[in-house]
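What follows is a set of notes on a single structure, which appears directly below.
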Amino acid sequence: MSWRYSGARCSRIPRVGSSWNFLQSVQYGRTGNPSIFSSPDILFKFEADHILSNDDSMSAEEDLESSVLFGSLKGSVVGLRYYTGVVNNNEMVALQREPDNQYDHNAVKVNNVNGDQVGHIKKELAAALAFIMDRKLARIEGIVPYGARNAFIMPVNLSFWGSQENKQAVLQQMQLHGFKLAPGFLLASSQFNFASGPNMKASVIPAVQMTTEQLKTEFDKLFEDLKEDDKTQMMEPSQALGTVLLPHQKHALAWMVSRENSNELPPFWEQRNKLYYNTLTNFAEKEKPDTIRGGILADDMGLGKTLSVIALLLTNFHGGQPFPIAKASTKLKKESVDVEMYGETSKHSKGKKENPTNSQGPSSSQTSSKRPKRKPGKKAKYTYSSDSENDCQIIPQKIKASAFPEEDVFAVALSWETPTEKKKSKTQKGPSTTGSSIPKTLSSSTSGEQRRTTLIICPLSVLSNWIDQFEQHVKPEVQLNICVYYGPERSQDPNVLSQQDVVLTTYTVVTHDYTRKTDSPLHKVKWLRVVLDEGHTIRNPNAQQTKATHSLVAERRWILTGTPIQNSLKDLWSLLSFLKLKPFTDREWWHRTIQRPVTMGDQGGLSRLQALIKNTTLRRTKTTKIKGKPVLQLPGRKVFIQHIELSDEEQRIYNSVRDEGKAVINKYFNEGTILTNYADVLVVLVRLRQLCCHPHLVSSSLTSTASTKSGAPGELYEKLVNKMKIVLSSGSDEECAICLESLNMPVITHCAHVFCKPCICQVIHNEQPNAKCPLCRREISGGDLVECPEEESDSTMKQDQKWMSSSKINALLQALIKQRNKDPQVKSIVVSQFTGFLTLIETAIRESGFIFTRLDGSLTQKKRTEAIQSFQSSDAHSPTIMLLSLKAGGVGLNLTAASRLYLMDPAWNPAAEEQCFDRCHRLGQTKDVIITKYVVKDSVEENMLKIQDKKREVAAGAFGTKKPTPSEIKQARIAEIKTLVDL
DNA sequence: ACCGCCGGGTGCC
DNA sequence: ACCGCCGGGTGCC
C-alpha cells in the first residue's frame, strides 16, 4: 500500500543561517515632533536576490532597501485634457518613462493609482528626469497636492529616492537643467520635512544572520501588538469531516468561513458618498473594490493547515452551505457502481474508516482502506518516477489522473496505473480515470454556472500528503470528487476540471501549463477556490510560477504557509498580490505605501503593515495560546550529553592522527595558507571526528591528502571531486562564502573552494576578465569549476576489515539494551553524519537482536517511504530502531514513533541538530522525548560543542550585529579551525 | 512701425 | 487657461 512521497521539492526550502539585514530604527527628527520610533524588529533584506533579478517592470528597484531621500521638487503635470485618468487631492501618482513618444523622447507619463494616464511631466522637467529614470539613479514618486479640479495642468510634488552613492549624480543632473531639489519631503499640501537633516543618514543597514526560527519570531512580533479582538471564535465543521478538530483548528475554520462569506471592503478602503476611497493612496473610484474572500493561513508547521482547509471546503461549500452528505440509500447504490479504472472495470469494496484522531502527515500508515472508492491493492501502485535529482523536472511515468463525466456517473481521479492494468484495453483514449463514482444528482446538481471546484496547488513533495489527509479526514460516505491533475496525460478539458470538487495539482504543472500551453485548462476554469499550499513558493515576483498562480481566476483565494515572510518583507508582495488586494497588485504601490516606509523605520508604515497582516492573515505558533492553553501541547524534550572515553587503542590512533594533523595545520598557519588549504584542513577534522566514532571509518581515500602535484587533468579532476565530497560530507559549514547560505549546486574551484554554482558564476562574470577566488584570491575562470557528480553511496570504509565495536557503539548498545529491558516498545532513532558509522552500528544492533530500519540519502524514494512506514508502524514486529543519517529527509520527515534519539556525533551547525530532534519531537508525539548526544572527551567533538555554543550566541545576539565581511568570514573560519584543533 | 499695443486664436509630450 | 505665447492687425490725440 502507500502513496509514495517524492522527496523532491520544487521550492527552495527554508535554510538555516540565511543572511538577513536587519534595519535599525531610524529616528526622524522634526521640530515639534521629536518622537522616536521604536524599531520594527523585522526587516530584512535578502541578499541573494540579485543573482536572480532580471527586473522587468520596476525602476530602481534594486537596492531600495538602502534608499534614502535625495529631496523633493514641485513640478507640473500637463496635458490633462487629453487623458481620462483623474486624481484626487493628495493622491499618489506614478511616473513612467515614454521614450518612444513621437514628440519628445524624454517624455515622462504620469499615471494614477489605477494605471490610467493623467498627463505628462512638463517637458523641461521631463528632460531632466528622463536621464535619471533611464539610468535608475533614483526612484521618483509623485503626489498631486491639488488635483481634483484642474483642467489643463496640475502641480505635482516629486520626491527622489535612491542609494546614497547616486545622490550627487542626481542632484547634479537636476541642477544642469536648472532644478534644485529641496531637502525633505513634500507631503501633500503642507510641506513638512521628515527625515531631513543629519538624521537621514541613520538608515544604515546592519545585517545579521538569523536562523529561520529567529526570523519567525521577528515576524511574530508583528502580531504581538494586535489586540485580541477576534474573540477566538470557533466553528464546528461539517458532518462530512470525520475528524474532531482541535480548538485552534475550529478557530481557523470560523475565521476562514467568515472571510469567505464576508462582504467587507478590503483593508484601507472606505466608502465616501458614492465613491470608494483608498486611504493609502487617496485614490477613489466608483466601483466597489472586490472583497477579499480568502487570506493567508500562516500557522506554524504542524498545526494542521491542511486539515483546516479540508474542513473549510466541506463546511463552506457554496452558498454558505456545507458539502452534501450522501444518504444511506444512495450510498448503497454507489457501492455497486462500476468504476472506470484505467480502462479496467472493477467493483469496489467499501472500506471503513474509524479514525477520529487528529493525526496528520505522511506517517499515517493506516490510511489504506479508509475510503470505499478504492481497492486497497491498487493504491500501492501509485508511483512517481522520481529518480531524477532535478526536483522540478520530475515527470511521473505511471500516475494518470483526471476525470471526465460519463452518462450519469463521474468516474474520478486519484488514479494510477499498474503494469497489469495497462495491458487491459482502454475504453477511451485520453485521460484515464478511476476512483469514485458519483451520481450526478449529488455531485453536479448545481446549475452549470455555479463554481464548485477548489483548486489546490502544492509542491510535488506534499501532493501525496494531501491525498492522505483527504482520505483520513473525509468521511467515507461523503462523495467528494477529487482529481489529481498531474502527469503527461492529464485532461485538457476545462469542463472536466470544473466538474470536480477538488483538483489537486503542483506548482510545476500550473507553471508549465501557463507558459507552454496556448490555453491552459487550469487558467480557463473559474474556480470556486484556489489554495496555494506552501505559498511562499511564489514569493519571487519575477518567477514564472508566481505569474502563473496570480493569473488563476477564483472567487476565494487562500495561501497556506508557515513562513509568510521568509527572507524579507518583499516576500509578502507576491502573496498579497495573489489575494488581489488593491492597490498592492501593483508592486509600486505596495512598495511606496508599505515596504519603503517600513524598511525606513516609518511608524505609519509599520502600523499599515500591521493592519494589513491583521486583515489578511491568521497565524498561530506552537506557543500561541487559545483560551489560555497553548494550541499544541508537545511532550517534554530533554537533551543529555554523554561523554565518552576512548579505549586505549582508539586513543592511541586518535592521538597520532591528531598530532600529525596539527602539525600540518600548524604549518599552514605559519605559511598563512590555511584558507588555500582549507579542504585539507577539513580532511584532518573529518578524520578526527570519524576516529571519535570508530577507527574503521577512516578510509584510505581520505588518508591520501598530501598534495601530490600531478599534471594529469583526470587526476586533478578526481582530486577536486574528492575534496568537494569531503567538504560536502564533512558536515562542516556547508555554506557558500558568497551567499552565506547552504550550498546550492555546489562546484569546486581549482583552488579547492566550494561555492554555489550560481554565486561563483556571478562573481566570475562580474570580475571579468580577472576573476579571483573570493576566499584565496587565486585566479579562476568559469571553465575551472568542477561540479559534483551524482551521489553514490559512500564506500569510504575499508571493506575487508573485520567488524569490531568501538567505545561509542558500546555506549549506544548499553543504552539501547537498558531501554529495551525497561520497555521493549520504546522506539529509538540513532543519528550519525557518517553513513559508514551507521553501517558499523547495524552489525552491533543486529547481533543484539534488535529489529531496525535505516534511512539515508542513498535510498530510493520508494525505499524511503517503506523505511519510514515500517518504523512508524505500531505493529509488534515493526522495527524499534531507525538508523538515520543526519541530513536524510527534509523538514517534513515525521518519525514520531520514536521517543528516544541518540546523536552519535555532534553536528557542525546546532540548527541541523535541532531540526533532526524535531523529527520525533513534533505534532503526533505522545511521549516525552529523551535525546542523548555522545561526545568524546578531550577531542575535536568537545571543541565542536564550543563552536556550537558560539554559533548559538551569535544567533541569539543577532540584533545590531554587522553583516560579516568576506574577511571576517575568513577570520571566523580560521578561528574555528584554531578552536577545533586546540591551537 | 526694423516699434508697441490690441485682442483673437490657441494650448502636452 | 481668470494664464502665456503666437502672430496678424494696426498705429496722433
Side-chain angles (χ1 to χ4, degrees), chain A residues 55-61 64 69-162 166 169-182 185-191 275 278 281-286 583 585-589 591-592:
Chain A
D55 73 300
D56 26 56
S57 50
M58 300 226 86
S59 63
E61 193 213 353
L64 49 86
L69 179 60
F70 296 164
S72 339
L73 184 72
K74 291 187 189 203
S76 32
V77 186
V78 296
L80 303 193
R81 64 159 136 166
Y82 302 98
Y83 307 100
T84 54
V86 290
V87 284
N88 283 300
N89 295 348
N90 298 325
E91 184 171 328
M92 294 181 172
V93 289
L95 269 56
Q96 185 190 7
R97 277 281 285 125
E98 191 186 20
D100 293 332
N101 186 295
Q102 57 170 313
Y103 302 99
D104 183 0
H105 63 275
N106 288 326
V108 176
K109 293 205 287 182
V110 177
N111 304 332
N112 71 7
V113 180
N114 233 12
D116 299 324
Q117 184 170 0
V118 176
H120 280 103
I121 292 289
K122 210 166 158 33
K123 60 177 182 295
E124 295 80 6
L125 182 53
L129 298 189
F131 178 92
I132 292 166
M133 293 175 78
D134 292 344
R135 270 153 249 254
K136 302 189 177 181
L137 297 174
R139 157 189 294 272
I140 305 169
E141 299 180 354
I143 293 180
V144 173
Y146 189 77
R149 295 185 181 276
N150 313 37
F152 305 99
I153 62 170
M154 58 168 88
V156 60
N157 295 340
L158 302 176
S159 48
F160 294 63
W161 307 82
N166 291 330
V170 169
L171 294 183
Q172 266 172 31
Q173 162 70 7
M174 293 306 288
Q175 197 150 34
L176 205 67
H177 290 258
F179 298 101
K180 191 165 187 290
L181 292 195
F185 187 58
L186 290 160
L187 184 78
S189 32
S190 68
Q191 169 183 359
L275 292 176
N278 185 283
T281 59
N282 292 316
F283 176 75
E285 64 181 340
K286 283 205 195 85
T585 38
D586 185 323
R587 243 191 314 166
E588 164 152 12
W589 304 112
H591 179 253
R592 278 178 65 171

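Proteins get letters first, then strands, A, B, ... in listed order; numbering begins at 1 in each.
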From CG of A/N111 across to C1' of B/dC13 the rounded distance in Å is 13 Å

What are the two closest heavy atoms between A/R592 and A/V93, and how far apart are they?
NH1-O, 2.6 Å

Set out, in order, the CA-CA distance, both residues' side-chain angles and the distance that settles side-chain contact (heavy atoms from CB on, under 4.5 Å) for A/N278 and A/V113, then state yes or no.
CA-CA 10 Å; A/N278 185 283; A/V113 180; over 6 Å; no

Protein-nucleotide distance (A/Y83, atom OH; B/dC13, atom C1'), rounded to Å
6 Å

Nearest 0.5 Å please: distance from the OG1 atom of A/T84 over to the CG atom of A/N112.
8.0 Å

Length of the line joining A/Y103:OH and B/dG11:C1', which is rounded to integer Å
13 Å

Return all side-chain donor-acceptor pairs below 3.5 angstrom for residues 104-111 of chain A, not counting sequence neighbours, or 'none' if the list is empty.
unit_1 : atom_1 : unit_2 : atom_2 : d
A/D104 : OD1    : A/N106 : N      : 2.8
A/N111 : ND2    : A/Q96  : OE1    : 2.8

Quick one: does A/Q117's side chain have a donor or acceptor within less than 3.5 Å of a partner on A/G119's backbone?
yes

Given the C1' atoms of C/dC13 and B/dC2, what is the spacing between them in whole Å?
25 Å

Taking the side chain as every heavy atom from C-beta outward, state whether A/L95 and A/M133 have any pair of such atoms under 4.5 Å apart.
yes

Whole-Å gap separating P (B/dC12) and CG (A/N150)
16 Å

Can you check whether A/N157 reaches A/S72 side chain to side chain, under 4.5 Å on heavy atoms?
no

base_contact_polar (B/dC13 base, A/N101 side chain, donor-acceptor, <3.5 Å):
yes

Between A/M154, A/K122, A/H120, which is the residue that forms a side-chain contact (heavy atoms from CB on, under 4.5 Å) with A/V77?
A/M154

Here the residues of residues 118-128 of chain A within 4.0 Å heavy-atom distance, strictly under, of DNA chain B are A/H120, A/I121, A/K122, A/K123

For nucleotides C/dA1 and C/dC5, find the distance between their C1' atoms and express it as a whole number of Å.
12 Å

Between protein and nucleic acid, restricted to nucleotides 1-3 of chain C and to nitrogen or oxygen atoms under 3.5 Å apart, what atom pairs and distances do you find?
unit_1 : atom_1 : unit_2 : atom_2 : d
C/dA1  : N1     : A/R81  : NH2    : 3.2

Pair partner, B/dC12 [Watson-Crick or wobble, under 3.5 Å]
none

Would you say A/Y82 stacks on B/dC12, if stacking means ring centres under 5.5 Å apart and planes within less than 30 degrees?
yes

When you compare the side chain of A/H591 with that of A/R139, does any pair of heavy atoms fall below 4.5 Å?
yes

